[in-house]
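So that the names make sense, note that chain A is the first sequence line, chain B the second, and so on, each numbered from 1.
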Amino acid sequence: MSRLTSDFYKQDAVTVAEKLLGKTLVRALDDGTISQYTITETEAYLGEEDLACHASKGRTPRTEVMYGEGGHIYVYLIYGMYWMLNIVTGTVNHPEAVLIRGLDKIIGSGKVGRKLSIDKSFYGENITASSRIWINEAPDVLNITKASRIGIDYAGEEWKDKPWRFILTENEPK
DNA sequence: TGCACGATCTCG
DNA sequence: GAGATCGTGCAT
């Protein structure tokens with residue numbers, strides 16, 4: 001299994017969000033422990049126009065990394081206690097990102113950040129070169145459910161209902 | 001310089 | 001159904 005390269009992350013956020021399903025997220029802790037998780041749920045945030053995307057407020061120290069090239073990590077603290085793990089996608093000056101909402105046996109973006117020991121030190125980390133977090137290639141999956149994004153009612157009618165949440169569903173027995 | 005709020009979760 | 005808890009953006 002090989003690590004996904006920067007070309008993969010240069011695609012648009014919606015495409016990357018969908019393709020990340022089934023891929024393997026690898027986390028190497030400081031103590032040497034290596035854990036692998038299958039990505040099961042993602043959400044796409046696409047550009048300044050997307051009122052649900054943090055970059056809709058423009059370029060700030062916090063959103064800066066999203067304006068860079070895809071393949072870097074965007075983390076931020078929400079509700080004062082949860083670190084959200086995002087992967088920047090797209091090209092330079094296109095602020096896009098994919099939120100990792102769920103992994104195998106870990107459902108919920110807040111729990112993902114806690115379980116993987118994510119904090120602000122991961123801000124801007126290059127996920128194609130990091131030695132503590134990366135994503136491995138895996139075959140594309142077919143059972144994908146699309147849904148609207150969570151917790152963004154403030155984004156207005158046009159954006160809050162976009163089907164940009166992707167969920168990997170279990171194979172139904174035949 | 002202050003304030004209201006958020007891409008959440010847990011407990012009661 | 002409410003509290004925990006704090007960085008950020010915008011108002012003052």
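Among the heavy atoms of the strands lying under 4.0 Å from A:I152 are primed sugar atoms or P, OP1, OP2 only; no base atom is included.
In this structure, A:R62 fails the cation-pi test against A:Y123, since its NZ or CZ atom is not both closer than 6.0 Å to the six-membered ring centre and inside 45 degrees of the ring normal.
Ring orientation note: the planes of A:H54 and A:Y74 are nearly perpendicular, at an angle over 60° on the 30°/60° scale.
Using Watson-Crick or G-U wobble geometry with both donor-acceptor distances under 3.5 Å, B:dA7 finds no partner in any strand shown. In a base pair of the Watson-Crick type (N1 to N3 plus N6-O4 or O6-N4) or a G-U wobble (N1-O2 and O6-N3), with each distance short of 3.5 Å, C:dT5 is matched with no nucleotide.
Here the P atom of nucleotide B:dT8 and the CD1 atom of A:I118 are 17 Å apart, to the nearest Å. Rounded to an integer number of Å, the gap from CG of A:L116 to P of B:dT8 is 16 Å. One can place CG of A:L85 at 13 Å from P of B:dC9, the figure rounded to the nearest angstrom. In this structure, CZ of A:R165 is placed 10 Å from P of B:dT8, rounded to the nearest angstrom.
Residue-nucleotide stacking is present for A:Y45 and B:dA7, judged by a side-chain ring centre under 5.5 Å from the six-membered base ring centre and planes under 30° apart.
Distance noted for atom P between C:dT5 and B:dG2: 22 Å (whole Å).
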* Structure fact -> Protein-proximity profile, nucleotides 3-12 of chain C, B/S/- by nucleotide at the 4.0 Å heavy-atom cutoff, equals -BBB-SSS--
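Checked by atom type, the side-chain pair A:Y45/A:E43 shows a donor-acceptor distance below 3.5 Å. A:Y67 and A:E48 share a side-chain donor-acceptor pair at under 3.5 Å.
For B:dT8, the OP1/OP2 oxygens have a side-chain nitrogen or oxygen of A:R101 closer than 4.0 Å.
A:Y9 has its side chain within reach of A:I135: a pair of non-hydrogen atoms, C-beta onward, lies under 4.5 Å apart.
Ion pairing between a basic and an acidic side chain is recognised when a charged N comes within 4.0 Å of a carboxylate O; A:D119 and A:R114 show no such pairing.
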